[in-house]
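Remarks on the structure that follows.
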Number of protein chains: 2
Amino acid sequence: MDMPTSPGVSDNCRRMSSVLSLVGDKWTVMIVMVLVERPRRFNDIKRTIGGISQQMLTRTLKALDRDGMVSRTVHPTVPPQVEYALTGLGHSLAEPLRALGAWAGAHLEEIDGNRLRYDLVRRVAPDAGR
Amino acid sequence: MDMPTSPGVSDNCRRMSSVLSLVGDKWTVMIVMVLVERPRRFNDIKRTIGGISQQMLTRTLKALDRDGMVSRTVHPTVPPQVEYALTGLGHSLAEPLRALGAWAGAHLEEIDGNRLRYDLVRRVAPDAGR
DNA sequence: CGGAATCCCGCTGGATACTG
DNA sequence: CAGTATCCAGCGGGATTCCG
């Protein structure tokens, strides 16, 4: 039986697990969002993100380079300068990422309220006798 | 046309970190993608995802319930039946998530190729005589 | 069947120090 | 400035067991 509109739940699962190994990493997403504007140098990225250790920055950038998401350009100057830029692939990822960010901005407050309410209800107990 | 002042770099970062605490969890995304089709019961979800421990399923579902992303309906039958369904909020998240999944489907092979190429270059590079 | 509690291992990822 | 190497704490998350 052909499923035109619902092409397989478990199929989507596999696909999602793949993409999650990418975007599941918070630093990956951060870096992509930072570089989507313009290319930046190592410490520039580090400062902009603020809160990332240089080890994680190195690791993540290397992974992104490996995936072909960012390009790494070394300028053989006296103090070595390395510039990172999003590739076309990287930019293409930035789009759905931005959609996710937009969703977050639109619903984070609502979620926060939900959590508060949920916690209140559970704290004060279901209150059987009222 | 984007915002002229582009104030959103570090601003986006904060937003992203928020959303990442949600979707950064692979199981959260999985469950949402599974429930986007139709409501399901506990073990139904577990079987469909396949590979999730019941502990993580319980945890994640509770978190999603707390966030107001899924509704939890207990049917007081003899063997207790609990049905989980996406709320409107949950469905709204599913959309950007699906966009991400679509991106993955479109680019995963490309990424895989990039990785292979990258690894080849790095492997053989240092010293081929060994 | 749905869920809670316990145990425990492995990886993530931060801090630090060293190199080119 | 850019990058590597080491150490190590935290917790994510799996397996198992028990309860309603």
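When reading the values below, keep in mind they use all heavy atoms of this one structure, side chains included, and skip hydrogens, waters and symmetry mates. These numbers were taken from a predicted model, which means no experiment stands behind them.
- Atom CE in Met69(B) sits 4.0 Å away from atom CG in Leu93(B) (nearest 0.5 Å).
- For the pair Asp44(B) and Arg59(B), both in contact range of DNA chain C, the more 5′-proximal nearest nucleotide belongs to Asp44(B).
- Taking atom CD1 of residue Ile49(A) and atom P of nucleotide dG13(C), one finds them 13 Å apart after rounding to whole Å.
- Atom CG in Leu61(B) sits about 11 Å away from atom P in dG2(C), given to the nearest Å.
- For the pair Trp27(A) and Gln54(A), nearest-nucleotide mapping onto DNA chain C gives the more 5' position to Trp27(A).
- Side chain of Ser71(B) to backbone of Thr87(B): no donor-acceptor contact under 3.5 angstrom is found.
- Side chain of Trp27(B) to main chain of Ile52(B): no donor-acceptor pair is present (N/O by atom type, distance under 3.5 Å, no hydrogens or angles).
- Between the CD1 atom of Ile52(A) and the P atom of dG3(D) there is a distance of 13 Å, rounded to whole Å.
- In terms of phosphate contacts, Ser53(B) brings a side-chain nitrogen or oxygen within less than 4.0 Å of OP1 or OP2 of dG14(D).
- Phosphate contact (OP1/OP2 of dC1(D), side-chain N/O of Tyr84(A), threshold under 4.0 Å): absent.
- Phosphate proximity of dA4(C) to Lys62(B): present, with a side-chain N or O under 4.0 Å from OP1 or OP2.
- When each of Arg72(A) and Pro80(B) is assigned the nucleotide of DNA chain D with its nearest heavy atom, Arg72(A) is the one assigned upstream, toward the 5' end.
- The phosphate of dA2(D) has OP1 or OP2 within less than 4.0 Å of a side-chain N or O from Arg41(A).
- Counting to the nearest Å, the P atom of dA2(D) and the NZ atom of Lys46(A) are 11 Å from each other.
- Separating the CG atom in Asn114(B) from the CD atom in Glu109(B) is a distance of 12.0 Å, to the nearest 0.5 Å.
- Rounded to a whole Å, the CE atom of Met56(B) is 8 Å from the P atom of dG12(D).
- Donor-acceptor pairing under 3.5 Å, judged by distance alone, is absent between the side chain of Gln55(B) and the base of dT16(D).
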